[in-house]
Amino acid sequence: MSTHSKISDAEWIIMEQLWKKSPQTSAEIIDKLKDSTEWNPKTIHTLINRLVKKEVLGVKKEGRFKQFYPLLSAEECRKRETTSFLKKIYAGSRQMFILNFIKNEKLTDKEIEELRKILNQKKNED
């Protein structure tokens, strides 16, 4: 996936389906998404093809059918999306993002303690 090839919200739904189970044919993907989306099969085929062009999905031919599988893990895609978000919204500053998040979100005592643990671990790594 090139750094400028972002995954759209709709494409993310396709990826989530394939991270759960892969490989899958387009018919299997359509069957899984028919109840949770209002997309017609042509829309799903279009989304799959976009993901293949973005080099996020791989394709292998099994008999008459094409099977699709993720080329990137969910974690890798999350990292790339997070980096893109930070660059776009916070000029790449993790500190600005974290400070904004902490100031504007109501955190439970448990969440605050977990953040402290993570920060202390990071501090001790250096």
* Structure fact -> Residues pairing under ring pair (Phe, Tyr, Trp, His ring centres under 6.0 Å) where one sits in residues 15-56, two or more places apart or in two chains, turn out to be W12-W19

* **pair R50-L47: side-chain heavy atoms closer than 4.5 Å** => yes

* Asked: Is E75 salt-bridged to R78, cutoff N-O under 4.0 Å?
  -> yes

* Does a side-chain heavy-atom distance below 4.5 Å link L115 with L107? -> yes

* Please examine the side chains of R116 and I112, heavy atoms only from C-beta on, and report whether any two atoms are closer than 4.5 Å. => yes

* Expected output: side-chain Q24 to main-chain K21 donor-acceptor under 3.5 Å -> yes

* To do: Determine whether K60 and E62 make a side-chain contact, defined as any pair of heavy atoms from C-beta on separated by less than 4.5 Å.
  => yes

* **E11 bridged to K6 by N-O distance under 4.0 Å** => no

* **Backbone N/O of I7 and side chain of E81: donor-acceptor pair under 3.5 Å** => yes

* To do: Taking all non-hydrogen atoms of both residues into account, name the closest pair between L18 and F68 and its distance.
  => CD2-O, 3.4 Å

* State, with a plain yes or no, whether a side-chain heavy atom of K66 is found less than 4.5 Å away from one of S26. => no

* Asked: Under 6.0 Å from the CG atom of D109, do we count more than 12 heavy atoms belonging to anything else shown?
  -> no

* Asked: Taking the side chain as C-beta and beyond, is there a heavy-atom pair between L99 and Y90 under 4.5 Å?
  -> no

* Taking the side chain as C-beta and beyond, is there a heavy-atom pair between I44 and L33 under 4.5 Å? -> yes

* **Ion pair R80/E76, N-O distance below 4.0 Å** => yes

* Quick one: which of L86, I89, T82 gives a side-chain contact (heavy atoms from CB on, under 4.5 Å) with F97? -> L86

